[in-house]
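Residues take their numbers from the sequence shown, with the count starting at 1. Start at 1 and go down the list; that is how both ligands and their atoms are numbered.
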Amino acid sequence: MALDYTQARQRMVQEQLLERGLHDPLVLDAMRQVPRHLFVEEHLRDRAYEDHPLPIGEDQTISQPYMIAHMAAVLKLAPGEQVLEVGTGSGYLTAILAEQGAEVYSVEIIPSLASRARQTLHELGYGNVEVHVGDGSLGWQAHAPFDAVVIGAAAPGLPRPLLDQLRMGGRLVVPMGEEDLQSLVCIWKEPGGIHEEYCGECRFVKLRGEHGWESA
Ligand code: SAH
């Protein structure tokens, strides 16, 4: 019998998010709405709601559902806010952010992933999203300043242009640390300086580009 994706999604929200203490209603609603199975290749669709990342080609992955929801919850988006996403990947997090009413500017360095994500997001009807091919570690100056910035790949340090393109009072989320294990760092840009908080351990693919890993 074919897997009921709607049911699989409700179960994912219950078991992987609610039962782990994630209660942000906007994020939970978005996770209930966005058809994650359409962001992976056809042969992986039945595994899309499992509790781990999955390959999306080009040695990259779609993050685990919990990690996506956790990042989105930290950003605490309000409808109409402008968000910069670095590393579109499959476009799944892009959709979760767009579903919350944000205007999402997403930069992906691998052209084939960018075009597939663009097509998926278009087919699902997300009009409040722009995907651009380039080095996202440099940000997207034309649309700055952003209310929020989310980096979907592990950075060796905080890329300066991304902090510069964040508005005062804005939030930034970035996995930072070693190449094989990082902390999810949540940053608030305030008039008195930068406020940082560690929001748990994580494992992401490496950030490339000018402010990424030299070896990536
Ligand atoms: N959140 C995504 C997963 C992102 S995986 C999802 O939901 O599918 C990380 C992505 O970052 C990969 O697609 C990788 O190609 C991209 N990436 C790495 N370095 C980058 C850079 N400097 N600029 C833009 N994208 C980058």
Whether Y105 and W140 hold their rings parallel, tilted or perpendicular, with breakpoints at 30° and 60° = perpendicular

Taking all non-hydrogen atoms of both residues, which atom of Q182 and which atom of F204 are closest, and how far apart?
-> OE1-N, 2.8 Å

Short N or O separations between ligand 1 and the protein, below 3.5 Å:
{"from": "ligand 1", "atom 1": "7 (O)", "to": "L93", "atom 2": "N", "distance (Å)": "3.3"}
{"from": "ligand 1", "atom 1": "8 (O)", "to": "S90", "atom 2": "N", "distance (Å)": "3.0"}
{"from": "ligand 1", "atom 1": "8 (O)", "to": "S90", "atom 2": "OG", "distance (Å)": "2.6"}
{"from": "ligand 1", "atom 1": "13 (O)", "to": "E108", "atom 2": "OE1", "distance (Å)": "2.7"}
{"from": "ligand 1", "atom 1": "13 (O)", "to": "E108", "atom 2": "OE2", "distance (Å)": "3.3"}
{"from": "ligand 1", "atom 1": "15 (O)", "to": "E108", "atom 2": "OE2", "distance (Å)": "2.6"}
{"from": "ligand 1", "atom 1": "19 (N)", "to": "R208", "atom 2": "N", "distance (Å)": "2.9"}
{"from": "ligand 1", "atom 1": "22 (N)", "to": "D135", "atom 2": "OD1", "distance (Å)": "2.9"}
{"from": "ligand 1", "atom 1": "22 (N)", "to": "R208", "atom 2": "O", "distance (Å)": "2.8"}
{"from": "ligand 1", "atom 1": "23 (N)", "to": "G136", "atom 2": "N", "distance (Å)": "2.8"}
{"from": "ligand 1", "atom 1": "25 (N)", "to": "I109", "atom 2": "N", "distance (Å)": "3.2"}

Measure the acute angle between the ring planes of Y49 and H37, then classify it against the limits of 30° and 60° as parallel, tilted or perpendicular.
-> tilted

Step through the shown structure and confirm whether more than 12 heavy atoms of other residues, nucleotides or ligands are within 6.0 Å of NE2 on H122.
-> no

Would you call D24-K76 a salt bridge at under 4.0 Å N-O?
-> no

Salt bridge or not for R171 and E81, using N-O below 4.0 Å?
-> yes

